[in-house]
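Atoms within each ligand, like the ligands themselves, are counted from 1 in listed order.
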Amino acid sequence: MSLSGIPTPGFGIYIHWPFCRSKCPYCDFNSHVRERIDHARWRNALLAELEHYARDTEGRTVTSMFFGGGTPSLMEPETVAALIARARDLWPVANDVEITLEANPTSAEIEKFRAFRAAGVNRVSLGVQSLVANDLKFLGRQHDAAQALAAVQMAANTFDRFSFDLIYARPNQTLAQWRQELDRALDFAAGHISLYQLTIEPGTQFEQAVARGDFRVLDEERAAELYEATVERLGAAGLADYEISNFARPGEESRHNLTYWRYGDYVGVGPGAHGRLTLGGEKFATRQHRAPEAWLDLVERDGHATRQRDPVPRAERLNEMLMMGLRLKEGVPVARIEAESGQAFERAIGQAQLARLVDGGFLSISGDHLCATQSGRQRLDAVLAALIT
Ligand code: SF4
């Protein structure tokens, strides 16, 4: 916490591993399937981008690292160890640094857990997605429910902290079915769980399947019913809905993701990774080249594959901060709204729109924070569209 009582957003490092065993039909992440990967080349290139960004951010204290993807549990543990060790050489690192690695619950990946822990990883986030056999097949996953739960157990035994993800609001899923699955998941959950509603993203296999009429997504009303039941059930189990899709016991929140949502700074390395860096009072948006092989060639040639490194205009800074911060139950500190926008709160936020959204029960001013209510967070895109005009 800072002296003013506003939590400090921290400084994170995101590392993107763009490879997966197969492509899940709902996935629009920058993930690719390759027969062969030259791990030594990839290790050196990721190290090079880390060094590139360290030059800009010397002296900042790293509060979190996050290996995301793709499937970073397919990385060689030596690569993860080398990246963590290099980060420790390049920056001061907080004593309680959180180092998360996303993992899929297949047996080959579980076998590497101990090596990842020895590399310095202290938290894993497991892509369980469902505990129902048919739904795992529908989601194109390579594990079954028993393997997933074994992986959760192994994560609990190996790492200080762990989380796992489920996807709900699946076609034809009833409230009773979801409640049952959620109860089973809660038997295995510890401090954190992520529960995402199935959405159909452009360019995915599911988009084509829906267009063909293979299945229909749940209607909004049913999905909202499932969301409300989820928040209630998790709350009763002591896991608060600190973010729209993320639930945690106090102190168990994902510190790395809090940095994004609190609009803090983070370095992003690897194909397609984004970053936000405050340099000389300006906020810069960075983005690395997206295609894996081209990224690798560019890094080997230039030492980095930065495609974008642009200052974010003041108005855009405010919009970005609201888009991220209103996802959080804690909301956005008024002082941060004023600092990012460079204006008094009353000028930064349209007062007529704000009054309408407060009257409608979607936003509230709670203490010195602007917050979205549960109803507001449930339809945040519409709330933001009405607020940011
Ligand atoms: S494993 Fe994750 S990143 Fe890879 S295709 Fe599936 S959902 Fe996407």
Side-chain angles (χ1 to χ4, degrees), residues 14-37 39 42 46 66-76 79-80 100-113 116 121 123-145 147-152 154-155 162-171 185 192-210 215 217 245-246 254 256-257 260 268-274 287-293 295:
Y14 175 78
I15 296 165
H16 191 80
W17 182 259
F19 304 116
C20 292
R21 277 189 211 285
S22 58
K23 184 78 183 175
C24 302
Y26 56 88
C27 177
D28 71 338
F29 297 151
N30 187 23
S31 63
H32 308 264
V33 179
R34 296 286 185 269
E35 278 285 303
R36 249 186 219 97
I37 295 158
H39 285 269
W42 275 84
L46 288 167
F66 195 101
F67 292 87
T71 307
S73 48
L74 298 177
M75 291 170 90
E76 289 185 339
T79 302
V80 173
T100 304
L101 179 124
E102 288 181 331
N104 276 338
T106 67
S107 50
E109 288 153 76
I110 298 168
E111 278 168 19
K112 289 153 83 179
F113 276 8
F116 286 131
V121 172
R123 182 176 183 271
V124 286
S125 176
L126 284 163
V128 169
Q129 315 311 7
S130 170
L131 297 174
V132 177
N134 283 343
D135 287 1
L136 281 168
K137 276 203 197 97
F138 167 74
L139 293 168
R141 306 299 297 191
Q142 299 209 339
H143 59 269
D144 59 29
Q147 273 176 319
L149 293 175
V152 170
M154 185 64 138
F162 72 93
S163 176
F164 61 91
D165 301 357
L166 295 176
I167 295 176
Y168 69 104
R170 307 187 291 259
H192 192 283
I193 187 165
S194 303
L195 303 166
Y196 298 101
Q197 286 198 13
L198 177 64
T199 52
I200 305 300
E201 303 299 337
T204 60
Q205 292 170 42
F206 270 2
E207 184 192 39
Q208 293 169 16
V210 169
F215 68 87
V217 289
S245 307
N246 287 277
S254 160
H256 186 82
N257 287 336
Y260 298 153
V269 305
H274 288 251
R287 182 172 50 84
Q288 306 312 109
H289 193 90
R290 194 174 158 86
E293 286 73 21
W295 174 89

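Neither the backbone nor the side chain of Q142 comes within 4.0 Å of ligand 1, counting heavy atoms alone. Counting heavy atoms under 4.0 Å from ligand 1, residue C24 touches it through both backbone and side chain.
Here the two rings, on F206 and F138, have centers that are under 6.0 Å apart.
Atom numbering of ligand 1 starts at 1 in the shown order; those under 4.0 Å from a heavy atom of N104 are 1 (S). Residue contact check: Y26 has heavy atoms under 4.0 Å from atoms 7 (S) of ligand 1. Atoms of ligand 1 lying under 4.0 Å from any heavy atom of S22, numbered from 1 in the order shown and given with element: 5 (S). Taking every non-hydrogen atom of C20 and a distance limit under 4.0 Å, the qualifying atoms of ligand 1 come out as 1 (S), 3 (S), 4 (Fe), 5 (S). In summary, the atoms of ligand 1 found under 4.0 Å from a heavy atom of G70, numbered by their order in the structure, are 3 (S). Of all atoms in ligand 1, numbered sequentially from 1 with element shown, those under 4.0 Å from a heavy atom of T71 are 1 (S), 4 (Fe).
When all heavy atoms of I110 and M154 are compared, the pair lying nearest together is CG2-CG, 3.4 Å. Closest of all the heavy-atom pairs between K23 and S31 is NZ-OG, 2.7 Å. Heavy atoms only, all atoms of each residue included: L139 and S130 are closest at CD1-CB, 4.2 Å. Closest approach of R141 and C24 over heavy atoms only: NH1-SG, 3.4 Å.
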Q: Give the intermediate values and the outcome of side-chain hydrogen bond (donor to acceptor under 3.5 Å, both in side chains) for residues E201 and T199.
A: CA-CA 6 Å; E201 303 299 337; T199 52; 2.7 Å; yes

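Judged by distance alone, the side chain of Q147 and the main-chain N or O of D144 form a donor-acceptor pair under 3.5 Å.
For the pairing with P171, the side-chain contact (heavy atoms from CB on, under 4.5 Å) check across D135, V210, L198, V217 returns one residue only, L198.
Under a 4.0 Å heavy-atom criterion, R141 is in contact with ligand 1. Residue contact check for ligand 1: G127 places no non-hydrogen atom closer than 4.0 Å to it.
Counting backbone and side-chain atoms alike, C27 contributes no N/O/S atom closer than 2.8 Å to atom 6 (Fe) of ligand 1.
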